[in-house]
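In what follows, a structure is listed as structure tokens, so that the remarks can point back to it.
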Amino acid sequence: MNAKTPTRRVVIIGGVAGGASAAARLRRMDEFAQITLVERGPDVSFANCGLPYHIGGEIADRERLAIQTPASLRSLLGIDVRALTEATHIDRESRTVTVVERTSGQVSQLPYDRLILAPGAAPLRPPLPGIDRPDILTLRSLEDMDRVKHKVESVSSVLVIGAGFIGLEMAEQLVHLGKTVHVVELQPQVLPALDPDMALPLAHELVRHGIQLRLGTAVVAFESGSRSDAPVCAITSQGERLEVGAVILSIGVVPESRLAKEAGLALTPRGHIAVNSYLQTSDPLIYAVGDVCATPDLFTGELTNVPLGGPANRQGRTCADHIVLGDRALPYPGSLGTAIVRVFGQTAGVTGLSEKRLRALGRTYQTTLVAGSSHASYYPGAESVTLKLLWDADSGDVL
């Protein structure tokens with residue numbers, strides 16, 4: 001491989017789902033490409049969805065979450081992996097990326113023929129009084145997971161702010177650890193991605209397992225708690241004071257698009273990098289994949305962001321194909337937002353447009369709700385299943 005002049009130089013900023021998938025696909029498509037993957041943290045490819053389950057002990061072996069390591073990507077795929085290295089500047093005119101090694105402070109320039117941006121997104125930390133307390137944690141990386149796991153081992157109560165997918169998974173795992181768990185959600189329902197009628201059984205399941213659930217409630221400030229075992233106090237919009245041992249913020253993410261903005265690339269109003277169906281940005285030599293980008297919606301064609309691992313993996317493969325094949329590559333078709341979550345004895349999945357979203361779009365649709373069993377009810381082990389189906393009233397297409 002090294003005996004031949006590289007066919008193309010590709011620099012990838014960020015690993016995990018989108019960046020690592022792009023790197024692996026590029027190597028399969030082009031044996032001689034010079035691929036450099038720059039990752040700010042120590043881990044280049046890990047299973048984000050498994051983080052709560054290691055904290056709760058359901059996934060005991062931490063190493064099972066590391067899909068690939070810098071060493072394995074180097075040895076298996078011949079990729080130049082620069083972990084603990086931060087990209088600080090993109091020079092589109094000279095086609096170079098400035099990077100800084102975080103341990104040594106050494107600065108260098110990486111030339112590229114094609115550049116892939118996959119820096120992901122950062123957990124949202126709103127500017128609330130007391131938000132920077134060390135007891136208030138987020139969960140986005142393996143390093144975050146280690147901090148949360150260490151913290152919750154020494155406390156008896158935890159407040160989870162946000163009842164989305166990660167928030168509910170964390171709440172479940174904390175109950176398994178024997179903690180007193182509070183969940184606060186700004187919306188009037190859990191799992192805002194679902195319609196209210198489909199989310200209601202999950203709320204009942206949380207309460208049935210002892211979780212103290214507060215819906216339609218915000219946390220407006222943090223103060224010191226009055227007890228040594230509850231060092232942080234969260235003040236809610238209802239005036240309630242919740243004193244707990246730790247707080248886990250799970251209220252959403254913001255795209256890590258600073259580099260793209262400084263390089264003059266087009267962004268959406270919410271700060272995501274705008275891309276076309278081949279994941280090209282406003283600079284055709286630069287691609288963006290994963291949580292940082294907004295792709296055309298499958299139904300509406302509008303640019304939208306779906307911060308999930310499945311779309312990020314497919315986007316990484318799509319842009320790699322386009323780098324090698326050009327317009328012969330298959331375009332990214334758009335995301336359906338497919339997701340699934342287990343909440344104790346209940347499991348909920350969603351894909352496509354919800355009824356809330358269809359109403360917001362002004363779309364005409366029909367809906368039906370079916371309640372049945374997973375198999376014949378007289379046979380042991382049958383579970384109840386509720387299916388909500390939405391379709392276009394004119395074409396009959398499932399939405």
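Atoms considered below: every heavy atom in the structure, side chains included; atoms not considered: hydrogens, waters and symmetry mates.
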In Å and rounded to the nearest 0.5 Å, what is the [atom1] to [atom2] distance from [X] to [Y]?
X: Ser257; Y: Asp291; atom1: OG; atom2: CG; result: 12.0 Å
X: Leu137; Y: Met170; atom1: CG; atom2: CE; result: 9.5 Å
X: Cys293; Y: Ile273; atom1: SG; atom2: CD1; result: 7.5 Å
X: Ile211; Y: Thr180; atom1: CD1; atom2: OG1; result: 11.0 Å
X: Met29; Y: Arg317; atom1: CE; atom2: CZ; result: 12.5 Å
X: Arg62; Y: His54; atom1: CZ; atom2: NE2; result: 6.5 Å

Can a side-chain donor-acceptor contact be found between [Y] and [X] if the only test is distance below 3.5 angstrom?
X: Thr318; Y: Asp321; value: no
X: Arg8; Y: Tyr112; value: no
X: Thr217; Y: Glu185; value: no
X: Asp91; Y: Thr96; value: no
X: His322; Y: Asp327; value: yes
X: Gln315; Y: Tyr287; value: no

Taking the side chain as C-beta and beyond, is there a heavy-atom pair between [X] and [Y] under 4.5 Å?
X: Ile248; Y: Ile161; answer: no
X: Glu58; Y: Glu169; answer: no
X: Arg342; Y: Tyr53; answer: yes
X: Gln212; Y: Val181; answer: no
X: His209; Y: Glu172; answer: no
X: Ile340; Y: Thr347; answer: yes
X: Arg92; Y: Leu285; answer: no
X: Ser224; Y: Val232; answer: no

Heavy-atom pair of closest approach, residues [X] and [Y]:
X: Ile67; Y: Ala47; result: CD1-N, 3.9 Å
X: Thr268; Y: Ala294; result: CG2-CB, 3.7 Å
X: Ser282; Y: Ala266; result: OG-N, 3.0 Å
X: Thr295; Y: Tyr332; result: OG1-CE2, 3.7 Å
X: Pro123; Y: Arg140; result: CG-CB, 3.7 Å
X: Gly18; Y: Ala118; result: C-CB, 4.3 Å

Partners meeting side chain to side chain contact (heavy atoms under 4.5 Å, CB included) with [X] (sequence neighbours left out):
X: Thr351; value: Leu336, Thr338
X: Ala23; value: Ile12, Ile35, Leu37, Ile79
X: Glu302; value: Thr300, Arg357
X: Thr85; value: Val38, Arg82, Val99, Glu101

Partner set under salt bridge (charged side-chain N to carboxylate O under 4.0 Å, His left out) for [X], not counting sequence neighbours:
X: Arg314; value: none
X: Glu39; value: none
X: Glu143; value: none
X: Lys151; value: Asp135

Under 3.5 Å donor-acceptor, [X] side chain and [Y] backbone:
X: Arg27; Y: Gly78; answer: yes
X: Ser21; Y: Ala17; answer: yes
X: Gln189; Y: Leu191; answer: yes

- Message: Taking salt bridge (Lys or Arg N to Asp or Glu O under 4.0 Å) as the cut-off, I'd like each qualifying pair that reaches into residues 261-274, sequence neighbours left out, listed once.
- Response: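 Matches after skipping sequence neighbours: Arg258-Glu262.
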
- Task: Considering only NZ, NE, NH1 and NH2 on the basic side and carboxylate oxygens on the acidic side, decide whether Lys356 and Asp195 come within less than 4.0 Å.
- Result: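 Looking at Lys356 and Asp195, the cut-off is not met.
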
- Message: Any salt bridge linking Arg74 with Asp80? Criterion: basic side-chain nitrogen under 4.0 Å from a carboxylate oxygen.
- Response: no

- Message: Would Val10 and Ile116 count as a side-chain contact (heavy atoms from CB on, under 4.5 Å) here? Give the steps.
- Response: CA-CA 8 Å; Val10 181; Ile116 301 174; 4.1 Å; yes

- Parallel under 30°, tilted from 30 to 60°, perpendicular over 60°: which one fits the rings of His176 and Phe344? perpendicular

- Message: With salt bridge (charged side-chain N to carboxylate O under 4.0 Å, His left out) as the criterion, how do Arg359 and Glu355 come out once you've worked through the C-alpha distance, each side chain's angles and the decisive distance to 0.1 Å?
- Response: CA-CA 6 Å; Arg359 287 174 179 169; Glu355 192 167 8; 3.3 Å; yes

- CA sep, side-chain torsions, deciding dist, call: Leu369, Leu387, side-chain contact (heavy atoms from CB on, under 4.5 Å): CA-CA 6 Å; Leu369 198 67; Leu387 170 68; over 6 Å; no

- Task: For Glu223 and Arg133, run salt bridge (charged side-chain N to carboxylate O under 4.0 Å, His left out): C-alpha distance rounded to whole Å, both residues' side-chain angles, the deciding distance at 0.1 Å, then the answer.
- Result: CA-CA 9 Å; Glu223 295 178 356; Arg133 293 181 58 91; over 6 Å; no

- When you look at Arg147 and Asp144, which way does the salt bridge (charged side-chain N to carboxylate O under 4.0 Å, His left out) test go after all the steps? CA-CA 5 Å; Arg147 282 190 287 269; Asp144 292 339; 2.5 Å; yes

- Message: Quick test of your reading: applying side-chain hydrogen bond (donor to acceptor under 3.5 Å, both in side chains), list the pairs with at least one residue in residues 119-132, sequence neighbours left out, ordered by first then second residue.
- Response: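 Passing the test, one end in residues 119-132: no pairs.
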
- Message: By the side-chain hydrogen bond (donor to acceptor under 3.5 Å, both in side chains) test, which pairs, at least two apart or in different chains, include something from residues 367-381?
- Response: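 Residue pairs passing side-chain hydrogen bond (donor to acceptor under 3.5 Å, both in side chains), neighbours aside: none found.
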
- Item | Residue list, ring pair (Phe, Tyr, Trp, His ring centres under 6.0 Å) with His272, at least two apart or on another chain | none

- Go through the steps to decide whether Asp397 and Ser395 satisfy the test side chain to side chain donor-acceptor pair (under 3.5 Å), and finish with yes or no. CA-CA 5 Å; Asp397 293 339; Ser395 67; 3.2 Å; yes

